[in-house]
Amino acid sequence: MNDAGPSLFVKICGLRTERDVAAAVGAGADAVGFVFAESPRRVGADVAAELVRGVPGRVLTVGVFRDQPLEEVRALARGSGVRAVQLHGGEGRSDYAALAAEGWTLIRGAGVREGRVPSHGEMGEDILLLDAPVPGSGTSWDWTSVDGFGPGERWLLAGGLNAGNVGAAVAAARPWGVDVSSGVEVSRGVKEPALIAEFVRAARSAG
Ligand SMILES: O=C(O)c1ccccc1N[C@@H]1O[C@H](COP(=O)(O)O)[C@@H](O)[C@H]1O
């Protein structure tokens, strides 16, 4: 995985077509996400596998799940060939431990409610993703409520980001990386290459 180093790690999520993947990879994204949870962005394992094959090794491929049985997560992650699993539901420590033992990089999606910011590593995740309470909804939250992550802690800021606000969000919260879906779409589930390029540029110049 690109360890981001001094520059901001950028993930583009909810890709559904070869055009989306080409736009994200061409713009210089560090990670691309494929949604297997209930969503207008949902893809099946076969479509995702085809898309994953077109992603260069320097880019982390991520499968996104929400409240799905562990067996289903395993089957979709294996079938698609993603290298990381992002969990957004009520999965427990034992689920994280089982998936970690099988070698996936684990991202924990956690909603920030009423300013309560979860701690990094509570479930044994590699990367914490702080999001709005409803993931993938394009809703933002109070980024200034984040305080106290150490420089070595890998956490992604997500929720309602776009090229116009990512600079201010990064300045306020100082994340390790950022993640976007709705903010690079022209309509729900439909990505726009120009918005992806603009987002990556804005994020990179902020971080
Ligand atoms: O995108 C979805 O539909 C989705 C469904 C279930 C879990 C997570 C989902 N997406 C994640 O939501 C955030 C950001 O979303 P947005 O930019 O506010 O639209 C991102 O982490 C996606 O991976």
Side-chain angles (χ1 to χ4, degrees), residues 8-17 20-21 23-24 27 29-44 47-48 51-52 59-69 72-73 76-77 80 82-91 95 104-113 117-118 120 123 125-143 146 154-170 173 175-192 195-196 198-200 202-203 206:
L8 198 71
F9 187 91
V10 180
K11 173 170 170 275
I12 308 292
C13 202
L15 307 187
R16 297 166 57 230
T17 67
D20 297 345
V21 170
D30 298 296
V32 290
F34 304 97
V35 177
F36 296 118
E38 197 50 59
S39 165
R41 304 175 180 114
R42 183 176 198 159
V43 287
V47 168
L51 297 177
V52 164
V59 178
L60 183 68
T61 49
V62 182
V64 177
F65 301 87
R66 188 178 190 198
D67 281 328
Q68 288 155 269
E72 186 177 320
V73 173
L76 287 163
S80 61
V82 293
R83 286 160 48 208
V85 167
Q86 178 175 323
L87 301 173
H88 275 264
E91 297 85 0
D95 297 327
W104 279 290
T105 294
L106 297 181
I107 302 175
R108 174 167 69 112
V112 178
R113 291 178 178 79
V117 179
H120 187 287
M123 292 289 169
E125 72 273 16
D126 300 292
I127 300 169
L128 174 66
L129 189 161
L130 297 183
D131 200 351
V134 181
S137 61
T139 314
S140 58
W141 47 279
D142 180 12
W143 305 307
V146 178
R154 296 193 293 175
W155 75 276
L156 296 170
L157 176 63
L161 294 178
N162 55 51
N165 66 13
V166 67
V170 167
W176 172 79
V178 292
D179 186 6
V180 66
S181 192
S182 306
V184 292
E185 292 179 343
V186 282
S187 61
R188 213 152 164 69
V190 182
K191 295 287 186 280
E192 168 52 48
L195 293 179
I196 293 176
E198 211 184 317
F199 181 84
V200 176

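Every number for a ligand or one of its atoms is a count from 1 in the order of the listing.
Across Asp131, Ile107, Val35, heavy-atom proximity to atom 13 (C) of ligand 1 is greatest for Asp131. Closest heavy-atom approach to atom 7 (C) of ligand 1 within the set Pro135, Ser181, Gly109: this belongs to Pro135.
Near Val180, the atoms of ligand 1 lying under 4.0 angstrom from a non-hydrogen atom of the residue are 17 (O). The contact set between ligand 1 and Ser182, taken as ligand atoms under 4.0 Å from a residue heavy atom, comprises 16 (P), 17 (O), 19 (O). Listed by number with element, the atoms of ligand 1 under 4.0 angstrom from any heavy atom of Asp179 are 20 (C), 21 (O), 22 (C), 23 (O). For ligand 1, the atoms sitting less than 4.0 Å from at least one non-hydrogen atom of Leu129 are 21 (O), numbered in the order shown with element in parentheses. Close contacts of ligand 1 with Val64, meaning ligand atoms under 4.0 Å from a residue heavy atom, involve 7 (C), 8 (C). Atoms of ligand 1 lying under 4.0 Å from at least one heavy atom of Ala37, given by number and element, are 6 (C). For ligand 1, the atoms closer than 4.0 angstrom to any heavy atom of Cys13 are 22 (C), 23 (O).
Residues Ser39 and Arg188 have side chains that never bring a donor and an acceptor to within less than 3.5 angstrom of each other.
Residue-ligand proximity: Gly160 is placed with a non-hydrogen atom under 4.0 Å from ligand 1. Residue contact check for ligand 1: Lys11 places a non-hydrogen atom closer than 4.0 Å to it. By the 4.0 Å heavy-atom criterion, Gln86 is counted among the residues contacting ligand 1. Using a 4.0 Å cutoff on heavy atoms, Gly33 does not count as a contact of ligand 1.
When side chains are defined from C-beta on, Leu156 counts as touching Trp176, because their heavy atoms get closer than 4.5 Å. By the 4.5 Å heavy-atom criterion applied to side chains, Thr61 and Arg83 are counted as neighbours. Leu161 has its side chain within reach of Trp143: a pair of non-hydrogen atoms, C-beta onward, lies under 4.5 Å apart. Put simply, the side chain of Val73 does not reach to within 4.5 Å of the side chain of Glu91, judged on heavy atoms. Using a 4.5 Å heavy-atom threshold, the side chains of His88 and Asp131 count as touching. Between Trp141 and Leu157 there is a side-chain heavy-atom pair separated by less than 4.5 Å.
Considering backbone and side-chain N/O of Arg41, one or more are found under 3.5 Å from N/O of ligand 1. For ligand 1, the polar-atom distance check finds an N/O of Gly138 within less than 3.5 Å of one of the ligand's N/O atoms.
When hydrogens are left out, the protein atom nearest atom 11 (C) of ligand 1 is Gly136 N, 3.8 Å; that is the closest non-hydrogen contact. Ser39 OG, 2.6 Å is the protein heavy atom nearest to atom 3 (O) of ligand 1.
Nearest heavy-atom pair, Glu72 versus Phe65, reported as atom, atom and distance to 0.1 Å: O-CE2, 4.5 Å. The heavy-atom pair separating Ala77 from Val85 by the smallest distance is CB-CG2, 4.0 Å.
Considering Val62, Val180, Asp30 as possible partners of Lys11, the one that fulfils the side-chain contact (heavy atoms from CB on, under 4.5 Å) test is Val62.
Between the side chain of Gln68 and the backbone N or O of Arg66 there is at least one donor-acceptor pair closer than 3.5 Å.
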